[in-house]
**Q** 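Please find one structure pasted underneath; my questions will follow.
Owing to the predicted nature of the structure, the values given are computational and were not obtained by experimental measurement. Every chain is numbered from 1 and lettered A, B, ... according to where its sequence line falls, protein lines coming before strand lines.
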Protein chains: 2
Amino acid sequence: MTNSTPRPRRRGARVTLREVAEAAGVSTATVSHVLNETSGARIGPDTRQRVRDAADALGYRPNAAAKNLVTGTTRFIGLVADAIATTPFAGQIIHGAQDAAWRQGYTLLVANTAGNTEAERDAIAMMLDHQVQGILYSTWYHRAVELPAALRETNTILVNCYAPGSDLPAVVPDEVQGGRTATQALLDAGHRRIAFVNTTTPSPAHDGRLRGYGEALRAAGITVDPALVFDARPEQEGGYDVLPRVLEQGVTAVFCHNDRVAMGLYDAVRERGLTVPEDLSVMGFDNQEIIAAHLRPPLSTVGLPHGELGAAGVRLLLGQQDVPPGGRLEVTCPQVLRASVRNLGAAG
Amino acid sequence: MTNSTPRPRRRGARVTLREVAEAAGVSTATVSHVLNETSGARIGPDTRQRVRDAADALGYRPNAAAKNLVTGTTRFIGLVADAIATTPFAGQIIHGAQDAAWRQGYTLLVANTAGNTEAERDAIAMMLDHQVQGILYSTWYHRAVELPAALRETNTILVNCYAPGSDLPAVVPDEVQGGRTATQALLDAGHRRIAFVNTTTPSPAHDGRLRGYGEALRAAGITVDPALVFDARPEQEGGYDVLPRVLEQGVTAVFCHNDRVAMGLYDAVRERGLTVPEDLSVMGFDNQEIIAAHLRPPLSTVGLPHGELGAAGVRLLLGQQDVPPGGRLEVTCPQVLRASVRNLGAAG
DNA sequence: CTGAAAGCGCTAACAA
DNA sequence: TTGTTAGCGCTTTCAG
């Protein structure tokens with residue numbers, strides 16, 4: 001290990017507060033007070049400056065472990081994620097949480113459990129050992145989870161998931177509103193006969209988006225036609241395969257359960273010599289940038305607010321925001337309009 | 001004077017080692033020894049068991065801060081990332097690092113700096129305060145970086161980046177080998193006239209992959225034709241736009257700088273009524289699952305070993321693996337064959 | 001084989 | 001306005 005040590009200390013030891021005190025000719029208590037800007041500490045400006053100078057000169061760095069030990073409290077927040085590598089989703093949650101935590105002087109301890117129960121147990125144990133203020137338990141897609149018992153030992157906020165039969169606060173995307181928003185975008189462009197390609201897998205997204213779809217339609221005075229609701233695997237292949245059936249129904253627009261499905265559907269549209277949005281308008285869901293922003297034409301969609309989920313999670317944890325009655329905070333899914341919806345000229 | 005009376009647990013405090021000792025009727029030293037399985041500690045099996053039982057019964061959890069304080073060393077590793085939310089890349093690095101760290105009993109402190117110098121400084125300061133064993137400084141795409149000065153104060157490993165003029169160990173993908181591998185896959189399928197759609201932006205990937213392309217061709221006895229090397233923006237649009245020029249050259253195969261370019265190129269191919277791989281074989285680069293695995297046909301590509309980059313980073317940091325002479329560890333980019341390359345029947 | 005005791009670096013009463 | 005003094009919970013010699 002090449003460890004060059006340009007430290008102004010002897011034998012690699014770090015500068016301690018006590019050394020700063022000696023250098024400044026004051027007591028450790030004084031140093032502690034000025035460096036922490038303890039409220040109600042009466043320290044003369046001259047002393048204050050002397051301490052600051054000494055600390056700077058020596059390159060003093062506080063020892064977090066010592067501070068944690070004596071105060072009995074840390075500024076750690078644990079974040080356990082089930083899969084941070086497969087999509088950018090978990091990354092966005094981490095990012096949002098990180099930012100919000102950072103803003104309050106907190107640091108994130110992150111653990112990836114890959115859905116492994118044992119890893120999960122270990123991760124939580126380690127977080128507990130580090131006296132975290134609490135734990136954000138998150139999943140990369142919105143779903144129900146079974147909670148590790150160890151979570152009972154600290155404050156826990158569920159992020160992008162919920163635990164049936166538990167009263168732990170949960171922050172989740174508002175799937176119903178999302179479905180409504182997507183459908184409404186199509187309605188606003190004048191479409192009346194709108195298909196919904198839902199997923200085959202049961203999930204809050206499946207149910208919520210469907211409900212939102214129905215609500216928007218009904219609010220526009222349109223009766224929901226079950227023949228216009230399809231199920232497809234939530235991937236490109238699902239969208240590709242479902243198109244013929246969608247077309248048979250003579251719709252002018254289709255709301256896809258997610259962007260990947262929309263991408264596959266685009267392919268099928270093109271293969272038939274048709275084009276989006278001239279022949280078929282398309283709304284996606286998820287706003288997966290890498291796909292949505294670069295399809296031809298760029299895909300209009302509804303975003304999943306992962307960053308905000310993480311951020312709201314830490315706010316709830318730190319008590320900066322109140323947990324809504326029912327313990328469930330639903331975050332809005334924003335509309336992201338691009339170019340895949342044709343305006344029919346009629347107002348919704 | 002030590003108070004001999006059993007001290008009452010204050011304010012919902014956690015069980016301490018001392019309480020375990022009292023419950024087991026032994027000293028704290030003994031408890032420490034058995035719980036840590038200190039080598040060379042002579043503790044009778046009976047005592048040992050008694051301690052274990054007491055710890056279990058009380059639900060004892062060690063206090064990491066106290067341990068850190070007394071040992072003067074922590075099992076933290078810092079990971080600073082420039083962008084964990086835009087692609088799954090950073091997530092993969094974190095994942096790989098996490099796993100490797102975890103395996104050695106280390107915990108990751110992660111910070112997202114969004115390229116913000118101040119955030120970077122703060123993040124490193126906080127990691128230093130927590131006495132991290134070292135820091136992994138990472139970027140989401142392979143590039144040169146300018147190092148924050150504070151990194152000098154601890155062991156640092158560069159992950160997916162390098163610092164010109166610094167001798168810090170760096171772990172990076174082997175772009176040259178990657179380019180060679182991609183080209184070789186095409187050669188192996190019998191292709192001889194192979195285009196390379198490189199990116200317009202200068203980068204190690206730009207230079208390395210180009211070099212690998214040339215090396216593979218030359219090794220196959222083919223002269224590199226500069227007319228077959230194109231520059232395109234490293235996105236779908238770049239691939240879409242470049243296709244006409246590629247086709248003019250009468251190639252049978254094209255190696256794209258990345259999967260996104262390949263995706264755009266697919267679209268252009270389809271628009272001309274041609275198909276992949278019948279009319280044109282395509283190799284991508286990056287192995288972005290969400291795209292590559294679900295294009296029609298699925299894209300053959302070369303993977304970027306982000307997870308391994310992170311893992312190797314911690315191994316280097318912890319001294320489990322030697323830093324190669326030159327300080328640069330180049331990790332192999334694996335071939336990922338799917339269905340976008342047509343076999344011409346001739347051996348390369 | 002086991003225990004007593006001395007701190008690790010820092011904060012927080014309380015004194016002065 | 002500043003200093004003294006206990007520890008926080010744990011590891012670690014060193015005695016017994």
**Q** Among the nucleotides C:dC1, D:dT4, C:dC8, which one has an atom lying closest to any side-chain atom of A:A29?
**A**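 The listed nucleotide nearest to A:A29's side chain is D:dT4.
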
**Q** Under the criterion side chain to side chain contact (heavy atoms under 4.5 Å, CB included), which of B:L147, B:V145, B:V172 is the partner of B:C161?
**A**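 Checked B:L147, B:V145, B:V172 against B:C161; only one passes side chain to side chain contact (heavy atoms under 4.5 Å, CB included): B:V145.
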
**Q** If you pin A:R48 and B:T71 to their nearest nucleotides in DNA chain D, which one's is more 5'?
**A**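 First, find each residue's nearest nucleotide; the 5'-ward one identifies A:R48.
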
**Q** When you compare the side chain of A:I135 with that of A:N155, does any pair of heavy atoms fall below 4.5 Å?
**A**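 The answer is no; the side chains never approach within 4.5 Å.
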
**Q** With a 4.0 Å limit, can you tell me whether A:K67 has a side-chain N or O closer than that to the phosphate oxygens OP1/OP2 of C:dT11?
**A**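 For C:dT11, OP1/OP2 do have a side-chain N/O of A:K67 under 4.0 Å.
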
**Q** Scan side-chain atoms only and decide if B:Y60 and B:E19 contain a donor-acceptor pair under the 3.5 Å cut-off.
**A**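 Side-chain D/A pair, B:Y60 to B:E19: absent.
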
**Q** Do any side-chain nitrogens or oxygens of B:T30 fall under 4.0 Å of OP1 or OP2 in C:dG3?
**A**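 So the side-chain polar atoms of B:T30 do come within 4.0 Å of the phosphate oxygens OP1 or OP2 of C:dG3, strictly under.
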
**Q** Judged by each residue's nearest nucleotide on DNA chain D, which is more toward the 5′ side, A:T28 or A:T47?
**A**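 By nearest-heavy-atom nucleotide position, the 5'-most residue is A:T47.
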
**Q** Given the side-chain rings of B:F76 and A:F76, with only the six-membered ring counted for Trp, is the space between their centroids under 6.0 Å?
**A**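 Yes, the ring centres sit under 6.0 Å apart.
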
**Q** Between C:dT11, D:dG9, D:dT11, which one does the side chain of B:A66 approach most closely?
**A**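 Closest nucleotide to the B:A66 side chain: D:dG9.
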
**Q** Should we count CG of A:D322 as having more than 12 external heavy atoms under 6.0 Å?
**A**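 No, not enclosed.
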
**Q** Please report the distance, rounded to the nearest Å, between CG in A:L69 and C1' in C:dG7.
**A**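 Result: 12 Å.
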
**Q** Check step by step if salt bridge (Lys or Arg N to Asp or Glu O under 4.0 Å) holds for B:D129 and A:R75.
**A** CA-CA 12 Å; B:D129 291 356; A:R75 292 182 88 79; over 6 Å; no

**Q** Can you check the A:R61 CZ to C:dC10 C1' distance for me, whole Å?
**A**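 Distance check: A:R61 CZ to C:dC10 C1' gives 16 Å.
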
**Q** Contact class for A:G44 (heavy atom, under 4.0 Å): base, sugar-phosphate, or nothing?
**A**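 Counting heavy atoms under 4.0 Å across all strands, the contact made by A:G44 is with sugar-phosphate only.
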
**Q** Less than 4.0 angstrom between a side-chain N/O of A:T16 and OP1 or OP2 of C:dG9, yes or no?
**A**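 So the side-chain polar atoms of A:T16 never come under 4.0 Å of the phosphate oxygens OP1 or OP2 of C:dG9.
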
**Q** A:R18 CZ to D:dT4 P: how many Å, rounded?
**A**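 Taking atom P of D:dT4 as the reference, CZ of A:R18 is at 11 Å.
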
**Q** Measure from the side chain of B:S27, starting at C-beta and using heavy atoms only, and say which of C:dG3, D:dT11, D:dC8 lies closest.
**A**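 The closest nucleotide is C:dG3.
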
**Q** Please, what dot-bracket string fits DNA chain C when only Watson-Crick and G-U pairs with both distances under 3.5 Å count, crossing ones use [ ] and pairs to another strand use |?
**A** ||||||||||||||||

**Q** How long is the line joining CG of A:L35 and C1' of C:dT11, in whole Å?
**A**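 About 13 Å, once rounded to whole Å.
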
**Q** So B:N36, base contact, sugar-phosphate only, or nothing? Heavy-atom distance under 4.0 Å.
**A**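 Here B:N36 touches the backbone only, sparing every base.
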
**Q** Using atom NE2 of B:H130 as one end and atom P of C:dG9 as the other, report the distance to the nearest whole Å.
**A**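 One finds 17 Å between P of C:dG9 and NE2 of B:H130, rounded.
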
**Q** Centroid-to-centroid, B:F89 to B:H142, below 6.0 Å?
**A**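 No, the ring centres sit 6.0 Å or more apart.
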
**Q** Strictly below 4.0 Å: does B:S32 bring a side-chain N or O up to OP1 or OP2 of D:dT11?
**A**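 True: B:S32 side-chain N/O within range (under 4.0 Å) of D:dT11 OP1/OP2.
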
**Q** Just so I know, are the side chains of B:D53 and B:R50 near enough to count as touching, which here means a heavy-atom distance under 4.5 Å?
**A**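 Contact flag for B:D53/B:R50 side chains = no.
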
**Q** Rounded to whole Å, how long is the line connecting atom CG of B:D129 with atom P of C:dG9?
**A**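 To the nearest whole Å, that distance equals 14 Å.
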
**Q** What is the distance, rounded to the nearest whole Å, between atom NE2 of A:H33 and atom P of C:dA13?
**A**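 Rounded to the whole Å, the gap is 9 Å.
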
**Q** In whole Å, I'd like the distance from the CD1 atom of A:I43 to the C1' atom of C:dT11.
**A**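 Rounded to the whole Å, the gap is 13 Å.
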
